[in-house]
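Everything quoted here is computed from the prediction, not taken from an experiment. Chain identifiers are assigned alphabetically (A, B, ...) following the order of the sequence lines, protein sequences preceding nucleic acid strands; residue numbering begins at 1 within each chain.
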Amino acid sequence: MSNEADTTTRTRLPLRVFSARAVWQSGTSAPAASLALAVLVLIAWQYLPPMFGVPKYIIPRVSDLWNEMIRMWLQENLLRHFISTASMSILGFVLGGLLGAVAGYALGLLPTWEKVLSPYILALQIAPKVAFAPLFILWFGYNAWPKLIVTVLVVFFPILVNVLQAMRIMDRDLINLARAYNMSKTKIFLKVMLPYSMPNLLAGLRIGATLAVIGITVGELVGGEIGLGYLISFGQGQANTSMVFDAIGLLTVIGVIMYWAVTSVENRILHYLPRAVGAQRSP
Amino acid sequence: MFLYEQDLPVPSAKSNVLRFLDVARRFPGRTAGAPPFTAVRDLSFEVNESEFVSIVGPSGCGKSTLLNMIAGLDHPSEGTVSLHGVEVVGPNSSVGFMLQKDLLLPWRTVLHNVEFGLEARNMEPGARRERALKELKRCRITGFADRFPYQISGGQRQRAALARTLAIDPDVVLLDEPFSALDAQTKIVLQKSFAGTIANAGLTTLLITHDLSEAVAMSDRILVMSDGPGRIVDEIEVGLPDRDNPIARLATPRASEIVKHLFHALHIDNRLDA
């Protein structure tokens, strides 16, 4: 509970730390420093493990990773696996997000139902959803459904909880104002409640975007013949450490892109919220 | 300017716009079996066409209850509240209210906030915009039409809230401590601005305030409420000129006399209730 509740406040830690540093260093030196750090780490990765005699099957070198990536592209149909994981993540994210938002608004509008259902929501929220994956395979077989359902479940809850929170802390005076203007309930929902909950909904979606990749990966690890998660378990079976590293890297890329997409939509929608650091940066 | 039938004034004997008749409001006790809590009782008063009436009283004297009953968000347990001789039974578009909080929607520009109240009606977007712009002009914030609430000051926000309140052409304007969250200087400027706007438009206004000199500076008549349960204990005809200029008004000897009188009235009451 607390984990997801905390995230409802609009703290975007990575971005904020980044921006604060940018201000502190007064300029564009921060991205350059990040890049330099990446280069440094890659060089260390390439040369340090062999120096200390760490074998390739424990920590492959950067050049091994690169060679393996090319091999996978040519021989293992990497693109097909990548597209499968990416599209399933997005599909699961969209479905889970939609269901979570609809459920959040519905429960927010029906407080009695919320009270009746809240212990079960809490229980389901705490239950490790990825642990359901083997169960779904038993039920639905080795196809796309198990991983998709796991992902929908994983994405569903943070969004539900965030939306519900917004509906709970809604400013009653705003609703009363709209009521005093003789506004219909539909209009009150569309013109007041929905925009009011937007920061929370988007915070939920931001968490959901990263969780979606986890859901799909677990589904693919447990049982599947396609996707980057499958490549990880395949690589593990062959003691092909480079393959595992590469697949993890690509999964991270998918997650980062999804996170970035949600964040940029968020910044566009929530432009009306003052941001302290942002205000300092653009005088 | 009357857009709807319900906005048409119904001729009444005394031309009063708002009328409370023996109104009481009780709320059920907090726990089962506890006696009901009486917020207000024996409330009878009238506000006439174009009159500015203030209600002063200690906090907790039931002023929010009173406002909610006028706005149709709450109903009296006894007695009737009527507007132009018609009993208030639910929210209606002839009441405009404004609180200490500006209640501007942060995701809308000032102009779109002013249009908000008009969106409950089936109005042409063009006409709505025109109406809102007219109101912004009247409240002297035309220059901020495209700003978002976080980009303007507290005083400007309250001006925008007044514009939104006036945009629906209310028969009566309810002001619930609209100046109390502002700093002293902004408060004076805004009081003058509001007084001018209200006097020019000939609006029927009910102001609820803690601030005794504000009540004297702005109103034609002052009703003094006591708490526990709220009832009217005194009524004062201000009888000063220059209702559109509160600063000039406060400088007169009669103004300080009334303030002193009010202070007394409230003070004595507090002691009795203590």
Side-chain angles (χ1 to χ4, degrees), chain A residues 8-10 12 16 101 105 108 162-163 165-167 169-205 264-283, chain B residues 3-4 6-7 64-65 67-74 88-110 112-123 128 146-152 161 164-170 172-174 176-177:
Chain A
T8 55
T9 52
R10 277 175 47 74
R12 277 173 292 166
R16 203 167 270 193
Y105 289 119
N162 272 288
V163 170
Q165 164 113 350
M167 297 295 276
I169 60 166
M170 183 89 50
D171 188 343
R172 301 318 300 175
D173 286 333
L174 271 183
I175 307 287
N176 276 342
L177 179 78
R179 279 178 61 208
Y181 283 137
N182 231 346
M183 223 169 232
S184 66
K185 283 190 172 163
T186 319
K187 274 190 179 171
I188 293 179
F189 177 75
L190 291 175
K191 288 175 187 286
V192 181
M193 294 179 172
L194 198 62
Y196 188 91
S197 66
M198 227 9 106
N200 281 53
L201 174 64
L202 287 163
L205 288 175
S264 54
V265 169
E266 188 179 11
N267 285 338
R268 198 166 273 217
I269 294 179
L270 301 182
H271 64 90
Y272 57 84
L273 290 180
R275 246 171 278 125
V277 174
Q280 275 175 25
R281 285 179 76 195
S282 55
Chain B
L3 298 165
Y4 294 88
Q6 67 203 61
D7 288 339
S64 309
T65 309
L67 279 185
N68 284 339
M69 287 192 292
I70 303 171
L73 299 173
D74 196 3
V88 177
V89 288
N92 57 81
S93 41
S94 50
V95 177
F97 79 88
M98 197 181 144
L99 310 181
Q100 179 182 333
K101 286 194 278 182
D102 54 63
L103 294 183
L104 295 175
L105 305 172
W107 54 87
R108 286 178 175 229
T109 60
V110 168
H112 288 124
N113 264 294
V114 175
E115 287 184 34
F116 180 65
L118 300 169
E119 287 170 18
R121 305 171 179 183
N122 295 319
M123 210 172 166
R128 199 163 64 201
D146 296 324
R147 301 275 188 94
F148 284 89
Y150 81 93
Q151 295 170 318
I152 60 178
R164 181 192 57 201
T165 307
L166 300 185
I168 61 160
D169 276 312
V172 59
V173 177
L174 309 177
D176 185 2
E177 311 223 12

Distance check, rounded to the nearest 0.5 Å: [X] atom [atom1] versus [Y] atom [atom2]?
X	Y	atom1	atom2	result
I168(B)	N182(A)	CD1	CG	9.5 Å
F97(B)	L177(A)	CZ	CG	5.0 Å
Y196(A)	L105(B)	OH	CG	11.0 Å
L174(A)	F116(B)	CG	CZ	7.5 Å

For [X] and [Y], which heavy atoms make the closest approach, and how far apart are they?
X	Y	answer
P195(A)	W107(B)	CB-CE2, 3.1 Å
Y150(B)	H271(A)	OH-O, 3.8 Å
P91(B)	A180(A)	CB-CA, 4.2 Å

Answer with side chain, backbone, both or neither: which region of [X] has an atom nearer than 4.5 Å to a non-hydrogen atom of chain A?
X	result
R108(B)	side chain
Q151(B)	neither
L103(B)	both

Given side chains that start at C-beta, do those of E119(B) and Y181(A) come closer than 4.5 Å, heavy atoms only?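 Side-chain contact under 4.5 Å: no.
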Heavy-atom count check: over 12 atoms from other residues, nucleotides or ligands less than 6.0 Å from K187(A) NZ?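 Atom NZ in K187(A) is packed in, count exceeds 12.
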